[in-house]
Amino acid sequence: MLKGNRGEWSELYTLFKIISDRKLYAGDKNLNKISNLIYPIIKILREESNGTYDYSLASEIVLITGNDIDVKIPINKFEENAKLLLERLLCSTKGVFEVPEIEDFLKMFNCSSLKAKSNKKNDIRIVIHDLRTSSTKELGFSIKSQLGSASTLLNSSQSTNFIFKIKGNVLSNSQIQEINNLKTRSKIKDRIKAILDLGNKLEFDRCESSIFSNNLTLIDSYLAKIIGEMLLTYFSSNYSTIPDLVKSISQANPLNYDLNFHHPFYEYKIKRFLTDISLGMMPSKVWNGCFETTGGFLVVKTDGEVLCYHIYNRNEFEDYLLNNTKFETSSSSRHKYGEIFLDNGNSYFKLNLQIRFIF
């Protein structure tokens with residue numbers, strides 16, 4: 001019998017739901033359905049541990065082929081089991097659980113795994129009919145569910161460390177030790193405050209990873225500094241959501257852009273950064289600017305509705321990323337940041353970048 005957590009079961013729920021809907025509904029930045037952006041589904045391709053399965057939709061029937069099976073199942077069966085699965089997802093607690101009510105249904109089409117065997121960042125591929133151009137397109141998606149724990153957009157690592165130079169008064173060894181020994185719950189913020197209280201300031205110097213730095217430069221020459229300033233704001237204030245951080249840095253305007261005509265310099269650059277992360281750029285790997293085959297997200301809302309966000313609708317996709325993500329504090333011991341260190345007679349301080357969806 002299949003077992004999984006809410007996030008893993010959400011992948012299977014998404015398959016059931018979009019088959020029963022027979023169409024994808026695009027969403028706006030506030031997770032509302034866009035009534036005039038609907039894409040009829042022709043078929044769905046899902047890679048499981050035992051092979052790739054093709055779910056072709058025809059009238060009221062789903063034709064499922066792959067791994068020596070060829071079966072026809074009424075679409076209303078997927079609708080019934082989507083409702084059963086959603087009920088379990090809404091009432092389940094954290095951890096791993098079974099859903100025996102749908103086991104017989106899963107056996108009908110040889111479904112053997114909850115989480116699709118991902119190809120790069122794709123959880124599922126969908127062939128849609130574009131009503132605007134009368135063309136057929138295959139779109140790749142990663143599934144993000146609000147029914148489980150919020151997922152990360154950018155995972156932290158030592159590659160996502162940003163290094164700041166401490167400028168101002170020279171810190172003595174005893175002062176450095178005292179600051180590094182602060183062990184409060186908000187120790188990173190408190191250490192930064194202690195540095196500033198001694199008449200110093202933190203100035204972005206560089207990314208710890210040269211690869212990540214070059215990847216950011218490929219997007220925009222000043223992107224590393226912009227993100228560094230946002231990180232410093234995050235660890236020095238109560239701001240955590242990316243819209244709030246972008247607003248704060250836009251007001252501070254550390255790069256001295258000409259804002260007389262209200263160009264959204266910082267928002268535009270951060271949108272590009274979030275988009276490129278979601279479509280393939282990784283901090284530890286050299287990136288050539290080419291997107292992976294994935295193109296967006298399917299978001300499972302708390303009420304079970306599934307919304308589509310895809311680079312195919314770039315404005316909605318970028319607005320969704322900007323308005324639904326936040327900075328998050330990762331483990332400072334694991335990623336080796338948050339302490340003053342000396343290098344060639346200068347004092348430095350590292351901060352770490354991790355980005356998570358709000359829901």
Side-chain angles (χ1 to χ4, degrees), residues 118 120-121 142 149-167 171 176-177 179-195 200-236 239-240 242 245 249 269-270 272-289 292 321 325-357:
S118 296
K120 296 183 179 179
K121 289 193 173 184
S142 175
S149 300
S151 56
T152 54
L153 178 63
L154 177 69
N155 290 316
S156 60
S157 66
Q158 282 188 246
S159 294
T160 63
N161 282 341
F162 286 65
I163 301 174
F164 298 79
K165 189 174 185 179
I166 300 174
K167 305 191 73 173
L171 298 174
I176 293 174
Q177 184 176 4
I179 292 172
N180 287 344
N181 284 338
L182 290 173
K183 304 295 183 182
T184 58
R185 186 174 181 180
S186 55
K187 61 184 180 183
I188 307 299
K189 285 188 175 183
D190 291 339
R191 290 172 185 174
I192 290 175
K193 184 177 184 302
I195 293 170
N200 297 290
K201 66 176 182 178
L202 293 173
E203 184 177 278
F204 172 72
D205 187 72
R206 65 190 186 277
C207 295
E208 182 167 350
S209 165
S210 296
I211 290 177
F212 189 34
S213 178
N214 288 337
N215 287 347
L216 295 177
T217 301
L218 187 63
I219 301 171
D220 186 276
S221 299
Y222 296 103
L223 186 56
K225 179 174 175 57
I226 291 171
I227 296 173
E229 294 293 336
M230 290 174 66
L231 264 179
L232 190 57
T233 300
Y234 166 67
F235 281 103
S236 306
Y239 296 135
S240 62
I242 290 186
L245 291 169
I249 194 175
K269 295 172 190 296
I270 293 302
R272 294 298 178 271
F273 168 62
L274 296 174
T275 298
D276 290 345
I277 290 172
S278 67
L279 299 183
M281 192 268 274
M282 300 178 68
S284 60
K285 295 182 179 180
V286 175
W287 188 57
N288 62 3
E292 292 185 359
L321 291 175
T325 48
K326 65 179 180 178
F327 281 12
E328 185 177 63
T329 304
S330 61
S331 169
S332 58
S333 58
R334 182 185 307 161
H335 303 307
K336 299 181 175 18
Y337 75 96
E339 292 187 352
I340 299 173
F341 67 96
L342 301 176
D343 185 21
N344 291 325
N346 294 310
S347 300
Y348 295 90
F349 196 81
K350 295 180 187 178
L351 294 175
N352 181 265
L353 176 65
Q354 177 162 288
I355 301 175
R356 185 176 294 276
F357 285 94

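One-based numbering along the sequence shown. Small disclaimer: the values here were computed from a predicted structure and weren't measured.
The minimum heavy-atom distance between L218 and N288, with the atom names listed, is CD2-C, 3.9 Å. Contact record, F357 with K326: O-CE, 4.3 Å, taken as the closest heavy-atom pair. The heavy-atom pair separating K336 from K350 by the smallest distance is O-CD, 3.6 Å. In plain terms, the two heavy atoms of M281 and I219 that are nearest each other are CE-CD1, 3.9 Å. Across all their heavy atoms, P283 and N215 have their closest contact at O-ND2, 4.1 Å. Residues S151 and R356 approach most closely at O-CG, 3.2 Å, considering heavy atoms.
Other residues, nucleotides and ligands place more than 12 heavy atoms under 6.0 Å from the CZ atom of R272.
Remark: of the listed residues I277, D276, I211, D276 is the sole one forming a side-chain contact (heavy atoms from CB on, under 4.5 Å) with W287. With I270 as the partner, the side-chain contact (heavy atoms from CB on, under 4.5 Å) test is satisfied by one option alone out of T275, I227, L321, L245: I227.
Aromatic ring orientation, Y234 versus F327: perpendicular (interplanar angle above 60°, classes split at 30° and 60°). Using a 30° and 60° split on the angle between ring planes, F162 and F204 fall in the tilted class, from 30° to 60°.
Here the OG atom belonging to S333 is positioned 9.5 Å from the CD atom belonging to E339, to the nearest 0.5 angstrom. To the nearest 0.5 Å, the span separating NE2 on H335 from CG on N155 amounts to 8.5 Å.
No side-chain heavy atom of N161 sits under 4.5 Å from any side-chain heavy atom of I163.
In this structure, R191 forms no cation-pi arrangement with F235, as its terminal cationic atom is not both closer than 6.0 Å to the ring centre and no more than 45° off the ring axis.
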